Amino acid sequence: MVTIILLNYNGWQDTIECLESLLKQTDAEWRAVVADNGSQDESLEQLNRWVAEWKVEQKVQILPLGENYGFAKGNNTAIEAVRKEQTDYYWILNNDTVVEPDCLAKMVLYMETHPDVTALTPAIRLYDQQDILWNAGGRMVFGGRKYYGAMQPASLFDGKHELPITFVTGCALLVRKELVAKQPLFTERFFFGEEDFDFSLRMQEENRKIVCLTNAVIYHKVSATASLYGNYNRLFIYTLNRAIDFKSHYSGLKYAVWKMIYFPYTRLRFLRGLNLKEQNAFMALLRKECTLNDSVSKELYERYIHYPFKHDA
């Protein structure tokens, strides 16, 4: 049995399309928990109506969380709510995905025949360009990660179905139930982002094996042109998340070396659209918040997601 966790936040149309693709799964036993992260639209009404109309109350549970917990805490809360129910695996799946009919069966069969594998991801392709990969996992490198197959033809991995990886996104993460028996799946130190990077760091530190099964396929509604360039609020949160995360995983000297490389790199590569005064202010805030904080709370996230880093003349 696989328990599928879908987070919904003002996105019931995407969630329903994802659920309808799950109903087409072949040779796989599953149930879905749709955890609504405090949606402000008609999500709860629409999702409950869909469940009733399709008569899938035994397969799909709608779980109102009451507020927006963010990705990590939202998923952890959903898992905790159904922990006592029988399952073998938890599949964290983005609600803006569509799943190939044989995807889940292939992943379960692989896990059952490879007991040394802790976590698994399918190949993730673009929803609007279904022959193009978003990624097939990746590898951890000093200070960051590198995707495998990013924006490459899906045929790149033809004939190679098993791809060992050390970095996995939270978009479609299948884990054994034992992994969450004693601790939450994701760190809750970050309201938005970084949870999959922290997960990958922990798996690497514990010498756990992660695999991308490239012949299991989902499609993700992600923009192929999404970028940190020019989006200084998103860049600030992303960089602050990463800096705080490494502070808890790297030794003092290793962390100091990382900052000596990463902070100037961030400035040179991503802040060219700001004038010198704005760049200095951005980096000063980054260093300040990194020093003062061991997490990026919802309050800290909301403080900077609309912060005026650029002042137009």
Side-chain angles (χ1 to χ4, degrees), residues 1-9 18 22 25 28-37 59-95 97 99 103-104 107-122 124 137 140 164-213 216 218 241 245 248-249 295-296:
M1 167 66 78
V2 179
T3 299
I4 303 170
I5 307 294
L6 294 172
L7 275 189
N8 178 79
Y9 180 71
C18 181
L22 290 173
Q25 294 303 293
E29 187 179 1
W30 62 271
R31 62 183 177 130
V33 178
V34 180
D36 186 75
N37 237 343
K59 297 286 287 184
V60 179
Q61 174 186 352
I62 308 300
L63 177 67
L65 299 184
E67 64 178 284
N68 187 358
Y69 285 136
F71 184 88
K73 187 174 180 179
N75 278 298
N76 289 345
T77 302
I79 290 174
E80 185 62 31
V82 296
R83 183 187 298 278
K84 294 181 180 180
E85 299 181 23
Q86 178 61 39
T87 195
D88 300 298
Y89 307 96
Y90 292 100
W91 193 20
I92 307 302
L93 184 64
N94 270 29
N95 72 314
T97 60
V99 183
C103 179
L104 189 53
M107 291 196 299
V108 170
L109 177 61
Y110 185 89
M111 293 291 271
E112 289 178 347
T113 55
H114 295 80
D116 58 325
V117 174
T118 296
L120 184 68
T121 182
I124 306 173
M140 303 295 289
I165 60 176
T166 53
F167 174 77
V168 60
T169 75
C171 177
L173 174 62
L174 182 73
V175 300
R176 299 183 187 278
K177 67 176 181 180
E178 292 81 10
L179 191 63
V180 297
K182 296 181 179 180
Q183 64 178 353
L185 181 61
F186 296 119
T187 177
E188 295 180 10
R189 293 184 298 127
F190 305 99
F191 173 71
F192 181 81
E194 196 63 19
E195 58 283 318
D196 51 7
F197 193 89
D198 181 86
F199 175 85
S200 299
L201 279 173
R202 286 188 287 118
M203 295 301 99
Q204 188 177 50
E205 291 164 357
E206 296 172 12
N207 294 314
R208 294 183 180 270
K209 188 174 180 181
I210 312 174
V211 167
C212 176
L213 193 63
I218 70 167
N241 282 347
D245 200 8
S248 67
H249 286 280
S295 64
V296 181

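The shown structure was predicted, so the numbers you read here are calculated from the model rather than taken from an experiment. Count residues from 1 along the sequence.
Side-chain atoms of K59 come within 3.5 Å of backbone N or O of W30 as a donor-acceptor pair. The closest donor-acceptor contact from the side chain of T87 to the backbone of M1 lies under 3.5 Å.
In terms of the ring-ring contact (aromatic ring centres under 6.0 Å, His included) criterion, F199 has no residue partners (sequence neighbours excluded). The salt bridge (charged side-chain N to carboxylate O under 4.0 Å, His left out) test applied to E85 returns R31, not counting sequence neighbours. Partners of K209 under the salt bridge (charged side-chain N to carboxylate O under 4.0 Å, His left out) rule, at least two apart in sequence or in another chain, are D116. Y69 pairs by the ring-ring contact (aromatic ring centres under 6.0 Å, His included) definition with nothing, not counting sequence neighbours. For R176, there are no side-chain hydrogen bond (donor to acceptor under 3.5 Å, both in side chains) partners at least two apart in sequence or on another chain. E205 is linked by a salt bridge (charged side-chain N to carboxylate O under 4.0 Å, His left out) to nothing, counting only residues two or more places apart in sequence or in another chain. Applying the salt bridge (charged side-chain N to carboxylate O under 4.0 Å, His left out) test to E67 and every residue at least two apart in sequence or in another chain returns nothing. F197 meets the ring-ring contact (aromatic ring centres under 6.0 Å, His included) test with F246; sequence neighbours excluded. With sequence neighbours left out, the side-chain contact (heavy atoms from CB on, under 4.5 Å) criterion links E195 to F71, A72, F186. With sequence neighbours excluded, the residues forming a side-chain hydrogen bond (donor to acceptor under 3.5 Å, both in side chains) with S248 are R189, listed by chain and number. Taking Y89 as the reference, nothing meets the side-chain hydrogen bond (donor to acceptor under 3.5 Å, both in side chains) condition, with sequence neighbours excluded. Checked against ring-ring contact (aromatic ring centres under 6.0 Å, His included), H249 has no partners two or more places apart in sequence or in another chain.
At least one side-chain heavy atom of F191 sits less than 4.5 Å from a side-chain heavy atom of N68. Annotation: side chain of V2 is not in contact with side chain of E29 (no heavy-atom distance under 4.5 Å). Put simply, the side chain of T166 does not reach to within 4.5 Å of the side chain of M203, judged on heavy atoms. The side-chain heavy atoms of V211 and I165, taken from C-beta on, include no pair separated by under 4.5 Å. In this structure the side chain of L65 never reaches within 4.5 angstrom of the side chain of K73, judged on heavy atoms. When side chains are defined from C-beta on, T3 counts as touching V33, because their heavy atoms get closer than 4.5 Å. L213 places none of its side-chain heavy atoms less than 4.5 Å from the side chain of P122.
F190 contributes atom CZ, which lies 6.0 Å from atom CG of D198 (distance to the nearest 0.5 angstrom). Atom OG1 of T169 and atom CD1 of I92 lie 11.5 Å apart (nearest 0.5 Å). For the atom pair NE2 (H114) and CG (L120), the distance works out to 10.0 Å, reported to the nearest 0.5 Å. Expressed to the nearest 0.5 Å, how far CG of L201 lies from OG1 of T187 amounts to 11.0 Å. Atom CG of L185 is separated from atom CZ of R202 by 7.0 Å, given to the nearest 0.5 angstrom. Summarising the geometry, atom CH2 belonging to W91 is positioned 12.0 Å from atom CD1 belonging to I5; distances are rounded to the nearest 0.5 Å.
Counting all heavy atoms, side chain and backbone alike, V82 lies closest to Y90 at O-OH, 4.2 Å. Closest heavy-atom contact between G74 and L7: C-CD2, 3.7 Å. Heavy atoms only, all atoms of each residue included: M107 and A216 are closest at CG-CB, 3.9 Å. Here the closest heavy-atom approach between residue L6 and residue C18 is recorded as CD2-SG, 3.8 Å.
When the options L93, L109, I4, I218 are evaluated for a side-chain contact (heavy atoms from CB on, under 4.5 Å) with L104, the one that passes is I4. Between V180 and the choices N76, N75, I79, the side-chain contact (heavy atoms from CB on, under 4.5 Å) rule is met once, by I79.
Counting heavy-atom neighbours within 6.0 Å of F192 CZ, excluding the residue itself, gives a total of 12 or less.
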